[in-house]
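Everything on this sheet refers to the single structure shown next.
We count residues from 1, following the sequence as given.
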Amino acid sequence: RLRVELVDHGRANPDRLKALGAAGVVQVGNSLQAIFGTRSENLKSDMEEYLRAGGAELAALAQTPAVDAPPARAGAPDPEVLRTAASISLALGGGGNIRLAEGCAQTRVRVQVVDPALVNGAALSASGVTGVMRLDGNVLHLIVGPNARDIASALNSAPPVVTLT
C-alpha cells in the first residue's frame, strides 16, 4: 500500500488512482491508502524524488489548463512526448548511444547506453528528467513522469546522431 497524508482530502481523486492501477483506495483518518501491491515502494521512491526536485511547484503548474492546445489525433504520437524524447536522446549521447529504453514503475525510463561517458547530466535535467540513478551495466533509471512508457518508446525509435569531424 502507498500511504499518503493529505492536507486537503477534497483534492484527492480515488478514481484517478484506480485508473493509474490502484486495486483499491481507502481513506483512513488524515491519510489516503492506495493499493498498488509490489509497485508501491517504487512509486513512493518516485514521489519522494519528484518532491525533492521541486515537484510541488511543478504539480501546481500542471493543474493550470492549457490554452489553444491543438486536439490530439487518435494514434498520433504526442508532440510534447516526441520533443521530450528527442531532448533526452541528445542528452544521452544520441540515438546511437541508446541500446534499449523501457518504461518502468509508471514514471521511470530504464535506459541501457553504450558509453556512459557520453551522458550529459545537466542536459538531462534541462530535458525535464527530475532524477537519475546510475546502475551497473551502463543502465540508468530516469524519472520522467507519467509519460515514461511513451518516452521510452520514442527513445527506442530515435535515429542515431551522426557527428561530422
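There is no path of hydrophobic side-chain contacts, each under 4.5 Å, that joins Leu32 to Ile35. By the rule that hydrophobic residues join a cluster once side-chain heavy atoms approach within less than 4.5 Å of another member, Val139 and Ile98 end up as members of separate clusters.
Minimum heavy-atom separation, Ala34 to Ser40: O-OG, 4.5 Å. Residues Val109 and Ala148 approach most closely at CG2-O, 3.4 Å, considering heavy atoms. Between Pro116 and Asn138 the shortest heavy-atom distance is CG-OD1, 3.3 Å. The shortest non-hydrogen separation linking Ser127 to Ala123 is OG-O, 2.8 Å. Of all the heavy atoms in Ala154 and Leu82, the pair that sits closest is CB-CD2, 4.1 Å.
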Tell me which donor-acceptor pairs under 3.5 Å the side chains of residues 14-27 have, and how far apart each pair is, sequence neighbours excluded?
from, atom 1, to, atom 2, distance (Å)
Gln27, NE2, His9, ND1, 3.2

Side chains of residues 99-106: which donor-acceptor partners sit under 3.5 Å, not counting sequence neighbours?
from, atom 1, to, atom 2, distance (Å)
Glu102, OE2, Arg110, NH1, 3.4

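Atom-to-atom distance recorded for Arg108:CZ and Ile151:CD1 is 14.5 Å, nearest 0.5 angstrom. Once rounded to the nearest 0.5 Å, the distance linking NE2 of His141 with OG1 of Thr107 reads 11.0 Å.
Screening Thr130, Val144, Leu142 for a side chain to side chain contact (heavy atoms under 4.5 Å, CB included) involving Leu124 leaves a single residue, Leu142.
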Exercise. For side-chain contact (heavy atoms from CB on, under 4.5 Å), just list the numbers for Ile88 and Leu155, CA-CA rounded to whole Å, side-chain angles, deciding distance to a tenth of an Å, and then say yes or no.
Key: CA-CA 8 Å; Ile88 290 171; Leu155 287 172; 4.1 Å; yes
Quiz prompt | Criterion side-chain contact (heavy atoms from CB on, under 4.5 Å) on Val129 and Ile143, from CA distance to verdict | solution = CA-CA 6 Å; Val129 175; Ile143 299 176; 5.5 Å; no
Quiz item: side-chain contact (heavy atoms from CB on, under 4.5 Å) between Leu92 and Leu140: does it pass, once the steps are laid out?
Solution: CA-CA 10 Å; Leu92 291 170; Leu140 302 149; 3.8 Å; yes
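Looking at Ser87, its side chain never comes within 3.5 Å of a backbone N or O of Thr84 through a donor-acceptor pair. Asn97 places a side-chain N or O within donor-acceptor distance of the main-chain N or O of Asp115, the cut-off being under 3.5 Å. Using modelled atom types, no side-chain atom of Asn147 and backbone atom of Asp150 make a donor-acceptor pair closer than 3.5 Å.
Residues that satisfy the side chain to side chain contact (heavy atoms under 4.5 Å, CB included) test with Lys44, not counting sequence neighbours, are Leu2, Glu41, Glu48.
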